[in-house]
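Just so you know, ligand 1 is whichever comes first in the structure, and atom 1 is the first atom listed for that ligand. Just so it is clear, the model here is predicted, and its values are computed rather than measured.
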Amino acid sequence: MARTARLFVVSGPAGVGKGTLVARLRQLRPDLGLTVSATTRSPRPGEKDGVAYHFMTDEEFTAHVQAGDFLEWAQVHDHRYGTLRSEVDRCLQQGHSVVLEIDVQGARNVRRIYPDAVLVFIEPPSWELLVERLRGRGTESEESLRIRLADAKHELELAPSYDVRIVNDNLEQATNELAQAFDKYESYGGTTHNGNH
Ligand code: ADP
Ligand code: 5GP
């Protein structure tokens, strides 16, 4: 069956498992376009520049904003993050679907520019498990944890406006649900816009 290259946006609170799920999806779908976001936050141990993110100073980020290089950018938690327009367009033009792992503000902005983007929200099985995962990852200071959890409360309220909602309880099952959602929207070439956004 003919497939349509789609722009997928995966959002959800910090620590819910977006990175883990998207990495597993990529193993099943090596054809998916990979875009690297820019950020002003510092690299965590093991994160490589140009792979995890394009790590930038505030001045560099501002220069890209002024040059119009970002498809979208947002202040998330305590830093700025943005998707480079050139990377998304290159993948779509080559006929590859693209997955962006970006925050809820970014998702809303992408929807404005690409009305047919598919918005996927990843939810935790419970608030307690979200806290446990974020703490268990061991990457955040107490202050950073506090900010991320406060933001999570607001982010979770936006789940009903997404095209697809997946509860990341069992990792295997959530990965399969994500892969099936991608298949469904790529097989169906029509619009996703349901008027909720
Ligand atoms: P995010 O990218 O949304 O911030 P991560 O992918 O970094 O989240 O996941 C946060 C933590 O939760 C990681 O330590 C990860 O191994 C763990 N995790 C992810 N999915 C699950 C799951 N289904 N069950 C248990 N732990 C999970
Ligand atoms: P982290 O600092 O944990 O890597 O990411 C923090 C948040 O920033 C996550 O919700 C992540 O999805 C979001 N994010 C990462 N890249 C982008 C981007 O390019 N644009 C937007 N709007 N959010 C992003």
For this session: Report all protein residues having a heavy-atom distance below 4.0 Å to some atom of ligand 2; order the list by chain, then number.
Result: K18, S37, R41, R44, Y53, E72, A74, V76, H77, Y81, G82, T83, E101, I102, D103, G106, R148

Under 3.5 Å donor-acceptor, [X] side chain and [Y] backbone:
| X | Y | answer |
| --- | --- | --- |
| R6 | Y188 | yes |
| E123 | R165 | no |
| D69 | L84 | no |
| T4 | S187 | no |
| R133 | G15 | no |

For this session: Going by the ring-ring contact (aromatic ring centres under 6.0 Å, His included) test, name the single residue among Y81, F55, F70 that passes it with F61.
Result: F70

Problem set entry | Nearest heavy atoms of N168 and P125, plus distance in Å | O-CD, 3.4 Å

Exercise. So does E177 pair up with K184, basic N to acidic O under 4.0 Å?
Worked result: no

Nitrogen or oxygen contacts under 3.5 Å, ligand 1 side and protein side:
unit_1: ligand 1; atom_1: 2 (O); unit_2: G19; atom_2: N; d: 2.8
unit_1: ligand 1; atom_1: 3 (O); unit_2: V16; atom_2: N; d: 3.4
unit_1: ligand 1; atom_1: 3 (O); unit_2: G17; atom_2: N; d: 3.0
unit_1: ligand 1; atom_1: 3 (O); unit_2: K18; atom_2: N; d: 2.8
unit_1: ligand 1; atom_1: 3 (O); unit_2: K18; atom_2: NZ; d: 2.9
unit_1: ligand 1; atom_1: 4 (O); unit_2: G15; atom_2: N; d: 2.8
unit_1: ligand 1; atom_1: 4 (O); unit_2: R137; atom_2: NH1; d: 2.8
unit_1: ligand 1; atom_1: 6 (O); unit_2: G19; atom_2: N; d: 3.4
unit_1: ligand 1; atom_1: 6 (O); unit_2: T20; atom_2: N; d: 2.8
unit_1: ligand 1; atom_1: 6 (O); unit_2: T20; atom_2: OG1; d: 2.6
unit_1: ligand 1; atom_1: 7 (O); unit_2: R137; atom_2: NH1; d: 2.8
unit_1: ligand 1; atom_1: 8 (O); unit_2: G17; atom_2: N; d: 3.1
unit_1: ligand 1; atom_1: 20 (N); unit_2: N168; atom_2: ND2; d: 3.0
unit_1: ligand 1; atom_1: 23 (N); unit_2: N168; atom_2: OD1; d: 2.8
unit_1: ligand 1; atom_1: 23 (N); unit_2: D169; atom_2: O; d: 2.9
unit_1: ligand 1; atom_1: 24 (N); unit_2: R133; atom_2: NH2; d: 3.3

Problem set entry | Candidate list R146, R135, H77, R44, test side-chain hydrogen bond (donor to acceptor under 3.5 Å, both in side chains), partner E140, passing option | R44

